[in-house]
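Heads up, the thing below is written out as structure tokens.
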Amino acid sequence: MKMVTSKNNQKHFVFRKMGIWEHARASAVAMLLLLLCLNEIAHVNSQRVPALFVFGDSLVEVGNNNFLNTIARANFFPYGIDFNGGATGRFSNGRSLVDFIGEMLGVPSPPPFADPSTTGSRILNGVNYASGASGILDESGRNYGDRFTMNRQIQNFESTLNQYRTMMNPAALSQFLAKSIAIVVTGNNDYINNYLIPGLYNSSYNYNAQQYGSLLVNNLGRQILALHSMGIRKLLIAGIGPLGCIPNIRAIGLTPPGRCMDSVNQMVGFFNVGLRSMVEQLNRDHPDSIFVYANTYHVLGDILNNPARYQFNVVDRACCGVGRNRGQISCLPLEIPCLNRKQTVFWDAFHPSESTIYVFAWRAVNGPQDDCYPVNLKQMALI
């Protein structure tokens with residue numbers, strides 16, 4: 001009996017030793033992972049631009065709408081035909097504006113907020129909150145279904161901040177946010193999917209073009225201040241391009257062939273003038289921050305007026321779409337797009353091609369004050 005008891009005790013002692021060893025090894029692994037995470041956070045905080053935070057519409061979306069109940073999606077072929085990740089939800093044949101800007105600034109393009117895997121170390125280089133069909137106003141784009149409006153995107157940013165607070169101490173988080181750059185590209189759908197559809201929205205009856213532009217600027221100003229109150233100190237805010245020249249507006253057929261719809265361009269002009277003035281005021285009111293106005297209208301206008309300079313030869317029709325100017329119905333699943341995508345300004349009824357997007361990105365990062373006022377992104381990164 002004693003021998004049996006001794007053997008059992010010996011076995012029990014071995015099992016206990018193994019338990020201690022396993023526990024010690026697990027603790028060591030956990031400590032190693034913690035050190036690696038802290039090292040990664042320290043590296044991120046040491047970068048000149050540690051992270052990009054992206055807000056806006058389909059011009060900068062990278063897949064949030066894949067997770068929403070909406071018809072405003074781009075997660076099917078031929079979207080992504082020239083992107084190594086395929087059809088990810090980018091409304092382009094290739095890379096997005098933020099992909100290019102990230103490459104130029106040395107920051108990985110941030111993942112979409114709605115992706116369940118966007119957590120932990122994946123958010124250390126920022127998050128993309130942009131959502132196709134969204135606008136400054138909550139009602140804009142409702143004809144497409146669900147979307148993250150600008151107000152919802154700001155709420156989602158607050159959710160991300162709560163994650164950061166578990167990963168960094170307050171001082172480190174404050175420095176991280178102050179060195180990061182927020183990119184805001186919105187307002188397009190407040191015209192395309194609101195003001196310019198009087199059958200669905202009352203905005204054009206309630207406001208003239210100048211009043212509506214002021215309404216949008218005032219609302220966007222409050223949203224920008226909300227981001228500032230959360231710790232963001234560097235913001236690039238894009239104006240609206242000449243919407244009267246996109247294939248969808250040209251396809252309405254109210255202008256001669258080859259001409260843009262000047263009345264639409266004049267509408268967005270009121271918004272752009274107000275937005276630039278708002279940026280100047282924000283810089284005066286907040287000397288601890290830098291706000292930049294990206295002159296989208298000027299850059300696309302230059303491309304359309306001087307296409308050969310940028311090696312484009314198709315400026316008035318989409319590469320993928322149906323109807324007049326391939327712009328009456330936007331790009332359909334499995335549609336065969338044009339072959340000369342690098343020479344075409346517009347990819348679909350509403351969005352520029354990858355080649356055009358690259359020009360926007362380069363000018364935002366490196367351009368003069370006519371493109372980015374008062375500084376470009378490269379200069380902003382040094383501040």
Side-chain angles (χ1 to χ4, degrees), residues 47-57 59-60 97-98 100-107 126 130 136 150 154 157 174-188 213-214 216-242 265 268-303 305-306 356-383:
Q47 290 178 263
R48 192 173 294 280
V49 181
L52 296 174
F53 296 101
V54 185
F55 304 86
D57 54 32
L59 290 175
V60 284
L97 179 69
V98 184
F100 283 124
I101 288 176
E103 287 176 14
M104 294 174 190
L105 294 179
V107 187
I136 298 167
M150 271 298 294
I154 293 167
F157 176 62
S174 179
Q175 182 189 32
F176 170 75
L177 294 174
K179 291 171 65 177
S180 298
I181 293 177
I183 297 171
V184 180
V185 181
T186 188
N188 299 281
S214 297
L216 296 180
V217 170
N218 290 336
N219 277 273
L220 181 56
R222 286 191 287 271
Q223 293 160 347
I224 295 299
L225 287 174
L227 293 174
H228 181 269
S229 71
M230 296 179 192
I232 295 294
R233 294 294 178 264
K234 298 180 179 182
L235 293 99
L236 178 136
I237 310 161
I240 299 176
N265 288 341
V268 301
F270 292 120
F271 172 82
N272 288 335
V273 170
L275 184 61
R276 178 175 166 131
S277 295
M278 182 193 80
V279 164
E280 291 177 331
Q281 186 64 50
L282 287 169
N283 281 315
R284 286 193 294 268
D285 293 345
H286 303 280
D288 65 328
S289 306
I290 180 69
F291 303 86
V292 168
Y293 168 68
N295 195 344
T296 308
Y297 194 102
H298 172 74
V299 175
L300 184 55
D302 189 35
I303 293 171
N305 290 327
N306 305 284
T356 306
I357 292 169
Y358 175 81
V359 176
F360 279 119
W362 195 94
R363 302 268 287 260
V365 173
N366 303 285
Q369 286 192 336
D370 284 345
D371 297 338
C372 274
Y373 176 83
V375 297
N376 59 38
L377 283 174
K378 184 180 289 185
Q379 294 164 331
M380 179 192 280
L382 297 173
I383 297 173

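In this text, all values refer to a predicted model and were calculated from it rather than measured experimentally. This chain uses plain numbering: 1 for the first residue, then up along the sequence.
- The heavy-atom pair separating Gly187 from Asp57 by the smallest distance is N-OD2, 4.2 Å.
- Contact check for Val217 versus Phe271: side-chain heavy atoms found under the 4.5 Å cut-off.
- From Lys234, atom NZ reaches atom NE2 of His228 across 13.0 Å, with rounding to the nearest 0.5 Å.
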Given the rule in the side chain to side chain contact (heavy atoms under 4.5 Å, CB included) test, do Leu220 and Ile237 qualify, once you have shown the distances and angles that lead to the verdict? CA-CA 10 Å; Leu220 181 56; Ile237 310 161; 4.1 Å; yes
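- Panel note: side chain Arg233, backbone Ile290; no donor-acceptor pair is recorded below 3.5 Å.
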Side chain to side chain contact (heavy atoms under 4.5 Å, CB included) between Arg363 and Asn295, intermediate numbers included: CA-CA 10 Å; Arg363 302 268 287 260; Asn295 195 344; over 6 Å; no
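- With respect to Val107, the side-chain contact (heavy atoms from CB on, under 4.5 Å) criterion is satisfied by exactly one of Ile101, Val98, Val49, Ile181: Val49.
- Closest approach of Gly241 and Val268 over heavy atoms only: O-CG2, 3.7 Å.
- Side-chain contact of Glu280 with Tyr293: a donor-acceptor pair under 3.5 Å is absent, judged by distance alone.
- Side chains of Leu59 and Leu97 form no contact here, defined as non-hydrogen atoms less than 4.5 Å apart.
- The structure places CG of Asn272 at 6.0 Å from CD1 of Ile240, a figure rounded to the nearest 0.5 Å.
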Result block: side-chain N/O donor-acceptor pairs under 3.5 angstrom for residues 374-383, not counting sequence neighbours:
from	atom 1	to	atom 2	distance (Å)
Asn376	OD1	Lys378	N	3.1
Asn376	OD1	Gln379	N	2.8
Asn376	ND2	Asn366	O	3.3
Asn376	ND2	Gly367	O	3.0
Lys378	NZ	Asn366	OD1	2.9
Gln379	OE1	Asn376	N	2.9

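- Judged as a ring-ring contact (aromatic ring centres under 6.0 Å, His included), and not counting sequence neighbours, the contacts of Phe100 are Tyr358.
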Full working for side chain to side chain contact (heavy atoms under 4.5 Å, CB included) between Met278 and Phe291: CA-CA 9 Å; Met278 182 193 80; Phe291 303 86; over 6 Å; no
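- Proximity of a side-chain donor or acceptor of Asp302 to a complementary backbone N or O of His298 within less than 3.5 Å is not detected.
- Between Ser180 atom OG and Arg48 atom CZ the span is 13.5 Å, to the nearest 0.5 Å.
- Of the possible donor and acceptor atoms, one in the side chain of Gln223 sits under 3.5 Å from a partner among the backbone N and O of Ile136.
- Residues Leu236 and Cys372 form a side-chain contact, since some pair of their non-hydrogen atoms from C-beta on lies under 4.5 Å apart.
- Without hydrogens or angle criteria, Thr296 side chain to Gly239 main chain gives a donor-acceptor distance under 3.5 Å.
- A distance of 10.0 Å separates CD1 in Ile232 from CD1 in Ile224, rounded to the nearest 0.5 Å.
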